[in-house]
Amino acid sequence: MTELAAVKAALKTQSVETPSWAYGNSGTRFKVFAQAGVPRDPFEKLDDAAKVHEFTGVAPTVALHIPWDRVEDYGALAAHAEKRGVRIGAINSNTFQDDDYKLGSICHPDAAVRRKAVDHLLECVDIMDATGSRDLKLWFADGTNYPGQDDIRSRQDRLAEGLAEVYERLGEGQRMLLEYKLFEPAFYTTDVPDWGTAYAHCLKLGEKAQVVVDTGHHAPGTNIEFIVATLLREGKLGGFDFNSRFYADDDLMVGAADPFQLFRIMYEVVRGGGFTSDVAFMLDQCHNIEAKIPAIIRSVMNVQEATAKALLVDASALAEAQAAGDVLEANAVLMDAYNSDVRPLLREVREESGLDPEPMMAYRASGWAERVVAERVGGEQAGWGA
């Protein structure tokens with residue numbers, strides 16, 4: 001197989017999971033701008049997600065968020081997804097939108113609140129069983145705003161205890177993916193603030209617990225690709241929440257602010273074997289002023305382009321330059337791949353897969369946007385209500 005053929009073959013195996021909540025109304029903490037045709041329930045979210053997969057060919061799974069996506073019959077929801085040509089992906093918990101969680105959830109000083117939070121996480125595992133989902137994705141808003149507000153070490157003990165109970169509930173082939181975030185909404189301490197804290201808890205829990213890297217959850221200047229490389233080396237990188245940021249957790253379209261960073265991350269993924277492992281490539285974005293489905297299609301394409309460039313890095317030439325201590329040549333090898341225009345290559349990959357080579361144009365021509373605006377009248381639009 002030629003090098004180009006191998007790159008094409010790898011790209012055809014790529015999978016990017018889209019988030020159900022990105023199809024609904026979402027926005028900043030200040031305002032959510034509603035859009036016509038937005039889904040009114042999880043079934044309509046899956047309908048939209050199916051369109052993204054139809055035109056990109058690499059978005060076969062859809063992450064759910066509970067309780068935003070709570071339904072009476074999760075088996076029926078999974079069957080609906082399969083009928084539309086997609087599957088249910090990660091189940092995301094929500095322990096941050098209840099008044100009881102003002103001082104935390106799984107780390108709360110009150111045992112009754114901690115019990116409520118853990119019971120919700122166990123409910124999410126039940127939903128995994130019903131939908132055939134592999135991953136339970138956990139993010140906690142837990143933390144403190146003021147020195148002395150609570151005992152830092154005790155909160156870590158509570159976190160470990162709660163995670164351990166949920167971990168024991170996981171079934172065969174299921175995983176716990178622990179996400180971290182530097183700050184927000186807690187400003188003095190966050191209980192899972194960085195990859196080291198998440199890694200320490202996952203290491204203690206066992207093989208089924210792995211770390212999620214959200215690309216918007218780091219201090220300015222953080223070398224995210226180093227974190228990715230280290231977690232891959234340790235076998236503890238469970239997945240990504242891809243998005244883009246200028247200042248904090250902006251949740252913009254992946255690759256929008258720094259496409260070079262996305263390329264560097266994907267190079268480490270390819271270098272570390274993450275592209276052919278169980279690493280989950282998920283989007284976690286907030287589309288407030290841009291149309292939902294086109295923004296998600298564009299995001300998937302951005303991930304594809306960064307991946308294609310990473311696959312084009314001449315590994316032998318790079319290794320030779322590194323071994324020789326040729327700093328400029330080593331950098332040039334990486335930059336040659338990054339500066340490659342991979343759009344013609346990806347058009348070929350889509351055509352060979354029986355897809356339209358231009359997903360954005362194909363979606364616009366499909367009439368789906370106009371159809372849902374006409375059909376989705378009445379009811380209450382889905383959204384996280386910020």
### Query
Is it the case that more than 12 heavy atoms not belonging to Arg70 sit under 6.0 Å from its CZ atom?
yes

### Query
Any side-chain heavy-atom pair from Val211 and Leu237 closer than 4.5 angstrom?
no

### Query
Is it true that the side chains of Asn94 and Gln97 contain a donor and an acceptor less than 3.5 Å apart?
yes

### Task
For the residue pair Pro220 and Arg245, establish whether any side-chain heavy-atom pair is separated by less than 4.5 Å.
yes

### Query
So does Lys137 pair up with Asp241, basic N to acidic O under 4.0 Å?
yes

### Query
Do Lys309's NZ or CZ and the ring of Tyr338 fall within the cation-pi criteria of under 6.0 Å and 45°?
yes

### Query
Do the charged groups of Asp47 and Arg84 touch, with an N to O distance under 4.0 Å?
yes

### Message
Under the criterion salt bridge (Lys or Arg N to Asp or Glu O under 4.0 Å), I'd like the reasoning laid out for Asp150 against Arg158: C-alpha separation, chi angles, the key distance, then a yes or no.
### Response
CA-CA 12 Å; Asp150 200 356; Arg158 299 167 200 155; 2.9 Å; yes

### Query
Is it true that Asp110 and Arg115 make a salt bridge, defined as a side-chain N closer than 4.0 Å to a carboxylate O?
no

### Task
Mark yes or no: Lys116 above the aromatic ring of Tyr101, with NZ or CZ under 6.0 Å from the six-membered ring centre and no more than 45 degrees from the axis.
yes

### Query
Closest heavy-atom contact between Gln285 and Ser299?
NE2-OG, 2.8 Å

### Hydrophobic cluster identity match, Leu159 and Leu121, side-chain contacts under 4.5 Å
yes

### Query
Is the His80 to Tyr74 ring centre distance short of 6.0 Å?
no

### Message
To the closest 0.5 Å, what do you measure between CD (Gln156) and CZ (Arg153)?
### Response
10.5 Å

### Task
Indicate whether any N or O donor in one side chain lies under 3.5 Å from an N or O acceptor in the other, for Asn243 and Asp251.
yes

### Query
If you count the non-hydrogen atoms of other residues, nucleotides and ligands that lie under 6.0 Å from CD in Glu320, is the total more than 12?
no

### Query
Is any side-chain heavy atom of Ser366 closer than 4.5 Å to a side-chain heavy atom of Lys51?
no

### Query
Does any non-hydrogen side-chain atom of Asp214 lie less than 4.5 Å from one of Phe240?
no

### Message
Does any part of the side chain of Met176, heavy atoms only, come nearer than 4.5 Å to the side chain of Lys208, both counted from C-beta?
### Response
no

### Query
Only one of Ile127, Val125, Asp119 forms a side-chain contact (heavy atoms from CB on, under 4.5 Å) with Glu123, so which one is it?
Ile127

### Task
State, with a plain yes or no, whether a side-chain heavy atom of Val58 is found less than 4.5 Å away from one of Val300.
yes

#### Entry: Contact check, side chains of Asp48 and Leu46, non-hydrogen atoms, under 4.5 Å
no

### Message
In terms of relative ring orientation, are Phe187 and Phe183 parallel, tilted or perpendicular, with 30° and 60° separating the classes?
### Response
tilted

### Message
Tell me whether the count of non-hydrogen atoms from other residues, nucleotides or ligands lying under 6.0 Å of CD in Glu161 goes above 12.
### Response
no

### Task
Flag yes if more than 12 heavy atoms outside Glu82 fall under 6.0 Å of its CD atom; otherwise flag no.
no

